[in-house]
Amino acid sequence: MRLVLLGAPGSGKGTQAKSISDHFKIKKIVLGDILREEVKKGTELGGKVRGYMQKGLLVPDDIVALVIKEHIDNQGFVMDGYPRNINQAHILDEILQEKNITLDRVIYLDVTQDTVMERLLGRRVCKRCGANYHIKNMPPKVENVCDICGGELVQREDDTYEVTKKRWEVFQKEAEAILDYYRKKGILISVDANKNAEEVFAEILTKLDTSGEYS
Ligand code: AMP
């Protein structure tokens, strides 16, 4: 199964990608995480993308295309964070065609701006293992300490009010064209992602199940 998750920053793509990946036993391709790792390691790629990420802007399409191409093979996957504009959707089609594979479904996590701001400003991430928390909705057992590995919980560099607002605007600007593209292909599923994570996941499973065969 090959799935793409679309949605504004804070729509819950990371959480749902993990649930989907565990449930169907397919790998996750999370572009934001891959890029953050490159920045952390101080690689050449990391150096190229850091400035864009700090400002909440999209990294140029040709740079991220190379990263995506490297991570797609003939196994099943759930992809989070790509494509983010219509040009990237076309590039993804080319990559898939070259590899002789197709997408089964594109899942759109539909949220309001209020939900996004509340989620992102309260998000905390483990510095060591990357696990996600929320100060109100998903707090760790001990304040600022990861339940899984004991690492320190921090706010992501781009989860500030200004950058969050910018990322919302960037998403909205590109969203309609990209949703329309997959709607016309007949593979778009839309889910109300203002609800809690379990409810959203249940709706995804139901809609995947009732939206026809996928291989
Ligand atoms: P995310 O973790 O998905 O919110 O992504 C964090 C940042 O990584 C974004 O604000 C962009 O700077 C960069 N990024 C992630 N995905 C893409 C993409 N598909 N195209 C360009 N830049 C991206």
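Below, each value reflects all heavy atoms present in this structure, side chains not excepted, and no hydrogens, waters or symmetry copies. Note that ligands are numbered from 1 as they come in the structure, with each ligand's atoms numbered from 1 the same way.
Among protein heavy atoms, atom 12 (O) of ligand 1 sits closest to L57 O, 2.6 Å.
Shown here is K99, whose NZ atom has more than 12 heavy atoms of other residues, nucleotides or ligands within 6.0 Å. E98 CD: more than 12 foreign heavy atoms inside a 6.0 Å radius.
Which of V170, V59, V39 comes nearest to atom 22 (N) of ligand 1 through a heavy atom is settled by distance: it is V59. Compare R84, K166, E157 by their heavy atoms: the one nearest to atom 16 (N) of ligand 1 is in R84.
Residues Q75 and R2 approach most closely at O-NE, 3.7 Å, considering heavy atoms. Shown here for D147 and V142, the closest heavy-atom pair between the two residues is OD1-N, 4.4 Å.
No side-chain heavy atom of K207 sits less than 4.5 Å from a side-chain heavy atom of R105. The side-chain heavy atoms of M53 and D158, taken from C-beta on, include no pair separated by under 4.5 Å. Considering only heavy atoms from C-beta on, I34 stays 4.5 Å or farther from E37 through its side chain.
Distances shorter than 4.0 angstrom occur between a heavy atom of R36 and an atom of ligand 1.
Residue contact check: L31 has heavy atoms under 4.0 Å from atoms 16 (N), 17 (C), 18 (C), 19 (N) of ligand 1. Within the listing of ligand 1, atoms 18 (C), 19 (N), 20 (N), 21 (C) sit less than 4.0 angstrom from a heavy atom of Q88. Here is the list of ligand 1 atoms found below 4.0 Å of a heavy atom in G32: 2 (O), 5 (O). Residue R167 approaches ligand 1 through these ligand atoms, each under 4.0 Å from one of its heavy atoms: 4 (O).
Inclusion of D80 in the set of residues having an N or O under 3.5 Å from an N or O of ligand 1 is not warranted. The N/O atoms of G81, backbone and side chain alike, include one that comes under 3.5 Å of an N/O atom in ligand 1. Remark: ligand 1 and L35 share no N or O pair separated by less than 3.5 Å (distance only, no angle test). At least one N or O atom of R156 sits closer than 3.5 Å to an N or O atom of ligand 1. The distance criterion of under 3.5 Å between nitrogen or oxygen atoms is not met by Y82 with respect to ligand 1.
With ring centers used as reference points, H23 lies under 6.0 Å from F201.
One side chain, N194 or T115, offers a donor N or O that lies under 3.5 Å from an acceptor on the other.
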